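First up is the structure itself, then whatever we jot down about it.
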Amino acid sequence: MMTSQSTTAKHQIFLSHSRQDKWVCHQIREKIEQAGGSVWVDVFDIDAGRNISEEIKAGLRKSDELLVLLSPASIQSDWVKHEAGIADALDLPITLVLMHVKLDDRPKPLKDRRAISINELPDYFDAMGGLMENV
């Protein structure tokens with residue numbers, strides 16, 4: 001006899017950003033969690049003394065998608081590019097959130113990725129609410 005398993009897994013988003021944008025990242029994290037999602041952010045999810053690169057890989061493996069807060073600071077960040085490269089290798093969907101940058105400012109490895117402006121995030125969160133109902 002087969003039993004149905006109820007799943008309580010939340011849609012997990014890996015949020016990539018520059019530390020200079022930590023406050024905005026925190027606000028995005030809160031909104032995603034209010035929409036019913038789960039967020040992995042290095043600032044909150046890597047303990048002191050841990051291997052950062054390995055923790056990032058593990059966080060991405062557990063995630064359903066990568067959301068990149070793309071700002072003037074994060075465009076220059078090697079870590080953001082590193083995270084995007086790993087997400088690409090894992091075939092994770094990648095969405096760029098443009099904050100104070102233009103579409104043409106996307107770094108070369110991210111030129112072909114979907115981008116939304118930070119002002120479109122409420123629509124993204126609304127769509128997430130629907131996504132959460134299907135989990």
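Just so you know, these numbers come straight off a predicted model, no measurement behind them. Hydrogens, waters and symmetry mates are skipped; everything else that's a heavy atom, side chains included, is used.
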(message) Which heavy atom of Q12 sits nearest to which heavy atom of K62, and what is that distance?
(response) CB-O, 3.8 Å
(request) Find out whether K81 and P107 are in side-chain contact, i.e. whether some heavy atom of one side chain is under 4.5 Å from a heavy atom of the other. (result) yes
(message) In the structure I gave you, are the side-chain heavy atoms of V68 and E83 within less than 4.5 Å of one another anywhere?
(response) no
(message) Suppose we screen for side chain to side chain donor-acceptor pair (under 3.5 Å). Which residues come up paired with D88, at least two apart in sequence or across chains?
(response) R113
(request) Kindly compute the distance separating CD1 (I116) from CG (L70), expressed to the nearest 0.5 Å. (result) 11.5 Å
(message) Going by salt bridge (Lys or Arg N to Asp or Glu O under 4.0 Å), name the pairs with one or both residues in residues 89-105, residues two or more places apart or in two chains.
(response) none
(request) Return yes when atom CD of Q20 has more than 12 non-hydrogen atoms of other residues, nucleotides or ligands closer than 6.0 Å, and no otherwise. (result) no
(message) Taking side chain to side chain contact (heavy atoms under 4.5 Å, CB included) as the definition, give me every residue that meets it alongside S77, ordered by chain and number, with sequence neighbours left out.
(response) W79, V80
(request) Decide yes or no for D64 and F14: does some side-chain heavy atom of the first lie under 4.5 Å from some side-chain heavy atom of the second? (result) no
(message) According to side chain to side chain contact (heavy atoms under 4.5 Å, CB included), who are the partners of P72, at least two apart in sequence or on a separate chain?
(response) H100, V101
(request) Before giving the answer on side-chain contact (heavy atoms from CB on, under 4.5 Å), spell out for I94 and R114 the whole-Å C-alpha distance, their side-chain angles and the decisive distance to 0.1 Å. (result) CA-CA 7 Å; I94 300 172; R114 176 176 177 242; over 6 Å; no
(request) Write down the atom of L15, the atom of C25, and the distance for their closest heavy-atom approach. (result) CD2-SG, 3.4 Å
(request) Return the minimal non-hydrogen interatomic distance between A84 and L66, and the atom names on each side. (result) CA-CD2, 3.7 Å
(request) Indicate the atoms forming the closest heavy-atom contact of L60 with L92, along with that distance. (result) O-CD1, 3.5 Å
(request) For the pair H17 and V41, evaluate side-chain contact (heavy atoms from CB on, under 4.5 Å) and give the outcome as yes or no after the intermediate values. (result) CA-CA 9 Å; H17 69 291; V41 181; 3.5 Å; yes
(message) Tell me every residue that passes side chain to side chain donor-acceptor pair (under 3.5 Å) with H82, counting only those two or more places apart in sequence or in another chain.
(response) S53
(message) Does any part of the side chain of V24, heavy atoms only, come nearer than 4.5 Å to the side chain of M99, both counted from C-beta?
(response) yes
(message) With a 4.5 Å cut-off on side-chain heavy atoms, are T95 and E65 touching?
(response) yes
(request) Can you measure from CD1 (I32) to NE2 (H11) and round to the nearest 0.5 angstrom? (result) 8.5 Å
(request) Only counting residues at least two apart or in another chain, list the ones meeting side chain to side chain contact (heavy atoms under 4.5 Å, CB included) with S117. (result) N119, E120
(message) Looking at every heavy atom in both S63 and W40, which two are closest together, and how far apart are they?
(response) OG-CB, 4.4 Å
(message) Are K31 and L121 packed together at the side-chain level, in the sense that at least one heavy-atom pair is separated by less than 4.5 angstrom?
(response) no
(request) Could you tell me which residues satisfy side chain to side chain contact (heavy atoms under 4.5 Å, CB included) with L103, sequence neighbours excluded, listed by chain and number? (result) L98, R106, A115
(message) My understanding is that only residues two or more places apart in sequence, or in another chain, count here; which of them pass side chain to side chain donor-acceptor pair (under 3.5 Å) with Q76?
(response) none
(message) Please report the interatomic distance CG(L69) to NZ(K22), rounded to the nearest 0.5 Å.
(response) 14.0 Å
(message) Distance check, rounded to the nearest 0.5 Å: S18 atom OG versus I75 atom CD1?
(response) 10.5 Å
